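In what follows, a structure is listed as structure tokens, so that the remarks can point back to it.
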Amino acid sequence: MLILMNETATREQLDEIMRRVRSLNYECHLIPGDKGWAVGATGAGSGTHRIQVLECLPGVERIVPISSPYKLASLETERTKSLLKINDIEIGNGKLVVMAGPCSVENEEQVMESARVVKEAGASILRGGAFKPRTSPYAFPGLGEEGLKLLAKAGSDHGLPVVTEVLNSKDIDLVASYADILQIGARNVQNFSLLKEVGRIRKPVLLKRGMMTSIEEYLMSAEYVLSEGNGEVILCERGIRTFETATRNTLDLSAIPVLKEKTHLPVIVDPSHAAGNWKYVPPLSLAAIAAGADGLIIEVHPWPERALSDGPQSLKPERFRKLMQDIRQIAKSMGREV
Ligand code: PEP
Ligand code: MN
């Protein structure tokens with residue numbers, strides 16, 4: 001932390017600040033500046049929030065953090081990029097992963113056919129929701145455990161690990177008993193008790209950015225999971241809310257290079273929930289890879305016109321096949337493997 005003193009601060013005020021900083025177990029560094037003194041506080045200390053309150057003391061102009069508040073998620077602390085392994089699939093550190101499948105698991109035929117087509121097209125992880133967060137209480141809420149069973153069966157029959165959402169703490173063990181990756185959805189990104197609970201299990205967590213979460217808030221959410229001991233977190237940009245109504249959300253492509261600069265965690269992109277319309281999914285997918293994403297999660301449905309959720313944004317099998325070919329080309333041109 002850097003404590004900037006104002007120009008008129010007295011020597012007594014400066015001494016008092018330094019005394020306080022030391023009493024909070026920080027090392028104190030006096031830095032002369034053009035417009036007065038600054039005091040640097042470094043070391044483990046008793047918590048930056050306790051330094052922040054010194055801003056009320058006379059002579060202090062401003063207190064500015066000089067290192068990130070998300071220590072475990074930060075690339076400053078952990079200098080090598082994370083590489084996650086799910087069976088023989090690697091995510092992060094240059095590898096590209098494509099997760100695909102329906103929004104919701106609806107029935108056996110639908111999820112089996114989805115698994116078959118996404119596998120054949122070259123996806124390596126199967127997605128599908130069994131517990132769905134729906135805006136309307138009357139909308140299809142997912143099949144619950146039955147959906148988890150069907151998803152796990154479709155995944156194992158086609159050699160695909162599966163990712164599915166967990167909505168609340170009481171279902172974590174159940175979902176973890178079927179899923180290879182637990183998804184925390186956009187609406188739960190700041191459900192801190194849920195984040196702490198998934199931090200205590202030993203399964204990778206796909207943490208989606210909220211529609212109204214700043215990048216710093218998002219990384220603090222990842223920090224909740226990491227701070228409980230689970231280091232396997234995958235970030236996912238899925239569109240944020242803006243004034244634009246032409247798309248369901250606005251895909252924040254700039255979040256990709258920003259996150260890549262700030263964190264060692266892998267970053268994937270969900271163009272389906274960002275766009276809300278299948279037509280925009282291919283160009284956004286390619287743009288995400290060009291911007292440096294570690295992978296994609298894409299909604300694919302064998303019969304989107306019959307889908308119980310998110311049909312309009314789901315790709316038909318042949319469109320997904322074509323997209324996978326284009327993804328391979330973009331990846332190749334960037335020296336990356338799918
Ligand atoms: C989903 O992946 O089906 C989903 C509901 O995503 P999000 O939480 O990003 O809206
Ligand atoms: Mn969906």
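Since we're looking at a predicted model, the values are computed, not measured. Ligands are counted one by one from 1 in listed order, and the atoms in each one are counted from 1 as well.
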Among the N/O/S atoms of H273, select the one at the shortest distance from the Mn ion (ligand 2) and name it.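 Answer by atom name: NE2.
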
Open item on the list: With a cutoff of 4.0 Å, is M211 in contact with ligand 1, counting heavy atoms of the residue only?
Closed with: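 No.
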
Under 4.0 angstrom from ligand 1, any heavy atom of Q183? yes

Inset, instruction - Report yes or no: does S104 contribute a side-chain atom to a donor-acceptor pair with the main-chain N or O of E106 at less than 3.5 Å? - result: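 Between the backbone of E106 and the side chain of S104 there is no qualifying donor-acceptor contact (under 3.5 Å).
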
| task | Could you tell me whether a side-chain N or O of N230 sits under 3.5 Å from a main-chain N or O of I201, the two making a donor and an acceptor? | result | yes

Note: L194 and V166 closest approach over all heavy atoms is CD2-O, 4.1 Å

Do [X] and [Y] come within less than 4.5 Å of each other through their side chains, counting heavy atoms only?
X   : Y    : value
P32 : W37  : yes
V21 : L54  : yes
E61 : M5   : no
K81 : K260 : yes

Rounded to 10°, the OD2/D310 to the Mn ion (ligand 2) to OE2/E299 angle comes out at 120°

Atoms in ligand 1 with a heavy atom of [X] nearer than 4.0 Å:
X    : answer
E299 : 3 (O)
K132 : 1 (C), 3 (O)
G185 : 8 (O)

- Message: If you measure every N or O of E165 against every N or O of ligand 1, does any of those distances drop under 3.5 Å?
- Response: no

- prompt: Should one rank M99, R248, R127 by closest heavy-atom distance to atom 2 (O) of ligand 1, which comes out on top?
  reply: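 The option holding the nearest heavy atom is R127.
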
What is the nearest protein non-hydrogen atom to [atom], stated with its residue, atom name and distance?
atom                   : answer
atom 4 (C) of ligand 1 : H273 NE2, 3.5 Å
atom 8 (O) of ligand 1 : A186 N, 2.7 Å
atom 6 (O) of ligand 1 : K208 NZ, 3.0 Å
atom 9 (O) of ligand 1 : R238 NE, 2.7 Å

Trace of the salt bridge (Lys or Arg N to Asp or Glu O under 4.0 Å) decision for E337 with K95: CA-CA 6 Å; E337 289 167 41; K95 303 278 178 187; 3.6 Å; yes

Output for pair (F131 CZ, L174 CG), nearest 0.5 Å, gives 5.0 Å

